[in-house]
Asker: 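Would you mind keeping the following structure in view while I ask a few things?
These numbers were taken from a predicted model, which means no experiment stands behind them. Indexing begins at 1, ligand by ligand and atom by atom, following the structure's order. The figures here come from the full heavy-atom set of this structure, side chains too, leaving out hydrogens, waters and symmetry mates.
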Amino acid sequence: MTPQTVSTTPIEGQKPGTSGLRKKTRVFMRPGYLENFVQSVFDAIGGAEGKTFVVGGDGRFFNRAAIQTILRMAAANGAARAIVGRDGLLSTPAASHLIRLNGTDGGLILSASHNPGGENADFGIKFNTPNGGPAPEGVTNGIFRRTTEIDRYLILDTDDIDLSSPGEHALGGMTVAVVDPVADYEALMETLFDFDALRALFAGGFTMRFDAMHAITGPYATAILERTLGAPVGTVINGTPSEDFGGGHPDPNPVWAKPLMDEMMGAEAPDFGAASDGDGDRNMIVGRGTYVTPSDSLAVLAANAHLAPGYADGLAGVARSMPTSAAADRVAEAMGIACYETPTGWKFFGTLLDAGKATLCGEESAGTGSNHVREKDGLWAVLLWLNILAKRGMPVAEIMADHWARYGRNYYSRHDYEAVPVEAANTLMSDLRAALPDLPGRAFAGMTVKKADEFAYRDPVDGSLSEGQGLRLWFEGGARGVLRLSGTGTDGATLRVYLEQYAGPEEDHGRDAQEALAGVRDAVAEAARIEALLGRSAPDVVT
Ligand code: G1P
Ligand code: ZN
């Protein structure tokens, strides 16, 4: 079978510095659009000849067609083998695991994460390197450069491969291995967690609700929680992946997972609730009557991870993204282990994990993970929580109260201003950036600025420098505000304002978070002139 060489012209591709390409689905469906990106990946990594790739996605609209195209292109580019999840399905952490487990040359993961799916919604693709993690900037910049100069792509003219059952198929000179998307991932989880203790937990009547949000973790959660660990059928809800996620927004937070939140705050609440996002890398943790912020979750997991067999020897270190609260820092300090503060985005954890400097990582945006893969992992976080609950034998609310009594509480919330005109958002950031040196000592809404800067990060492993990673304002009295523009929004600009207020071990930990943060919220709004520059008096999304 002779590969066809199709001539093409450069695409408006991946933004430099971002780990993947995310666009409206219809853009991806334009002739040659997906093909240009995929060919640019192969070209940028020195060709696909003789290589093995993992290919899979979260099942959103266009997933199936895109996978068939990628397989034809990989074969035309001389790849030896492609490992594909059955029906083209793989959660992002499971894909990361397969890339590592099989010693492959990387993988192409199809997803727009927590963004809605469908013909009129979002689609995305990214390349992960052989370590299983999102490609680092050197690689993504190479891919980006290639998309600006590409003039041809290679593809086979063949029928679709049948991906509906495990087995091997020949595609030109390439072998396509269709695998069960769950099996290897589940085997990995079994090495990390005490499955016997979890079985005993459920057998003892412990109740749980896992909302898969019509997305990829449905099959994973059903297999592990219900089939293997014996949780009753119905523990997993919205467990069948649909192409448009049931018309919803598969983002596991109190806003988009409101039905789960309502159940957990109600009279009939189960003991434990959790949710995951479109591609399975994010998580939400909620106990009966108690929402756990992702920042607090990271801190609690760090403090208790040794209760799970995979972490019984302790942690090498903890890493968190800069806007994530400092709750984990206090745990790391008490345990005498390193704590790293990285820019937003999972890729920055990769070097720390590879170098053995950090074991657990987390972001305020509901991403938590460890060195078991090189992506954040939603179901992993849920299983670690279950393992901790099984060993400590107390409800989530008590675990939180106990944690705060020991370390103090970092009240935390993120306020998002979405679909803001790009120019207005840029002006706000550049005005505030220019004002930073004059802010210390000045008071806004009654709060005095102690320190202000723009976050830059020098990777302690590879020495690379990432600048312009967010504006930070610390106030007297233990408050911090951070402002940055989203790199993943697809509509105008999104301004994210991250608010934090520390209350020490002896202080009140029972306040409403938004109320505890009202002071720093007003101070940041005034310092950054949010209302004047954006014309918005309140954020669109509060999480
Ligand atoms: C958002 C989150 C960030 C996460 C990324 C990918 O990026 O804030 O923590 O790593 O999605 O899931 P942002 O839109 O803020 O650039
Ligand atoms: Zn995701």
Asker: Quick check on the 6.0 Å ring-centre criterion: do Phe245 and His249 meet it?
Answerer: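 No, ring centres 6.0 Å or more apart.
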Asker: Roughly how far apart are His415 NE2 and Leu517 CG, rounded to 0.5 Å?
Answerer: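 Here the interatomic distance stands at 6.5 Å.
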Asker: Look at Glu341 together with Arg472 and state whether they make a salt bridge at an N to O cut-off of under 4.0 Å.
Answerer: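 Arg472 and Glu341: salt-bridged.
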Asker: Can a non-hydrogen atom of Met322 be found less than 4.0 Å from any atom of ligand 1?
Answerer: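 No; Met322 lies far enough from ligand 1 that no heavy-atom distance drops under 4.0 Å.
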Asker: Regarding Ser111 and Asp58, is there a side-chain donor-to-acceptor distance under 3.5 Å anywhere?
Answerer: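 There is such a pair (donor and acceptor under 3.5 Å, judged by atom type) between the side chains of Ser111 and Asp58.
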Asker: What protein heavy atom sits nearest atom 7 (O) of ligand 1, and how far away is it?
Answerer: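 Answer for atom 7 (O) of ligand 1: Thr488 CG2, 3.6 Å.
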Asker: Judging by distance only, is a nitrogen or oxygen of Gly487 under 3.5 angstrom from one on ligand 1?
Answerer: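 Yes: some nitrogen or oxygen of Gly487 is under 3.5 Å from one in ligand 1.
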Asker: Between Tyr502 and Arg330, is there a cation-pi geometry (under 6.0 Å to ring centre, at most 45° from the normal)?
Answerer: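 Judged by the rule (NZ or CZ under 6.0 Å from the ring centre, within 45° of its axis), Arg330 counts as positioned above Tyr502.
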Asker: Just distances here: any N/O of Ser113 and N/O of ligand 1 closer than 3.5 Å?
Answerer: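 No.
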Asker: Does Arg22, backbone or side chain, put an N or O under 3.5 Å from an N or O of ligand 1?
Answerer: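 No, no N or O pair falls under 3.5 Å.
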Asker: Starting from the Zn ion (ligand 2), count all protein N, O or S atoms within a radius below 2.8 Å.
Answerer: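 Those protein atoms number 4 in total.
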Asker: Using a 3.5 Å cut-off on N or O atoms only, is Thr344 in polar contact with ligand 1?
Answerer: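 No, there is no polar N/O contact under 3.5 Å.
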Asker: Which of the numbered atoms in ligand 1 are under 4.0 angstrom from any heavy atom belonging to Arg496?
Answerer: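 This gives 8 (O), 13 (P), 14 (O), 15 (O) as the contact atoms.
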Asker: Hey, could you give me the CZ/CZ distance between Arg320 and Phe349, rounded to the nearest 0.5 Å?
Answerer: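 Between atom CZ of Arg320 and atom CZ of Phe349 there are 9.5 Å.
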Asker: Which residue owns the protein heavy atom closest to atom 5 (C) of ligand 1, what's the atom, and how far is it?
Answerer: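 Here the closest protein heavy atom is Arg282 NH2, 3.9 Å.
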Asker: Counting both backbone and side chain atoms, is some N or O of His114 under 3.5 Å from an N or O of ligand 1?
Answerer: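 It does not: no N or O of His114 is found under 3.5 Å from an N or O of ligand 1.
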Asker: To the nearest 0.1 Å, how far is atom 4 (C) of ligand 1 from its closest protein heavy atom, and which atom is that?
Answerer: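 I find the closest protein heavy atom is Glu363 OE1, 3.5 Å.
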Asker: Do Phe123 and Phe61 have ring centroids that are under 6.0 Å from one another?
Answerer: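 Distance test on ring centres: not under 6.0 Å, no.
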Asker: Side chain, backbone, both or neither: which applies to Ser365 and ligand 1 if a contact is any heavy-atom pair less than 4.0 Å apart?
Answerer: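 Side chain only; the backbone of Ser365 stays clear of ligand 1.
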Asker: With sequence neighbours excluded, tell me which residues meet side chain to side chain contact (heavy atoms under 4.5 Å, CB included) with Ala316.
Answerer: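 Ala316: side chain to side chain contact (heavy atoms under 4.5 Å, CB included) contacts with Thr359.
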Asker: Nearest 0.5 Å, please: how far is OH in Tyr411 from CZ in Arg409?
Answerer: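 OH of Tyr411 is found 4.5 Å from CZ of Arg409.
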Asker: Find all atoms of ligand 1 within a distance of less than 4.0 Å from any non-hydrogen atom belonging to Arg414, and give their numbers and elements.
Answerer: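 By the 4.0 Å cutoff, the relevant atoms are 8 (O).
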Asker: Around atom 6 (C) of ligand 1, find the nearest protein heavy atom and jot down its residue, atom name and distance.
Answerer: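 For atom 6 (C) of ligand 1, the nearest protein heavy atom is Lys376 NZ, 3.7 Å.
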Asker: In terms of side-chain geometry, is the basic nitrogen of Glu531 or Arg536 positioned less than 4.0 Å from the acidic oxygen of its partner?
Answerer: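 Looking at Glu531 and Arg536, the cut-off is not met.
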Asker: Any Lys/Arg nitrogen of Arg529 or Asp431 sitting under 4.0 Å from an Asp/Glu carboxylate oxygen of the other?
Answerer: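 Salt bridge between Arg529 and Asp431, a charged N being under 4.0 Å from a carboxylate O: yes.
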Asker: Measuring from non-hydrogen atoms of Gly345 to any atom of ligand 1, is the shortest distance under 4.0 Å?
Answerer: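 A heavy atom of Gly345 does come that close to ligand 1.
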Asker: Is any NZ, NE, NH1 or NH2 atom of the basic residue among Arg282 and Asp251 found under 4.0 Å from an Asp or Glu carboxylate oxygen of the other?
Answerer: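 Yes.
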Asker: If you take all heavy atoms of Val461 and Asp459, which pair is closest and at what distance?
Answerer: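 Looks like N-OD1, 2.7 Å.
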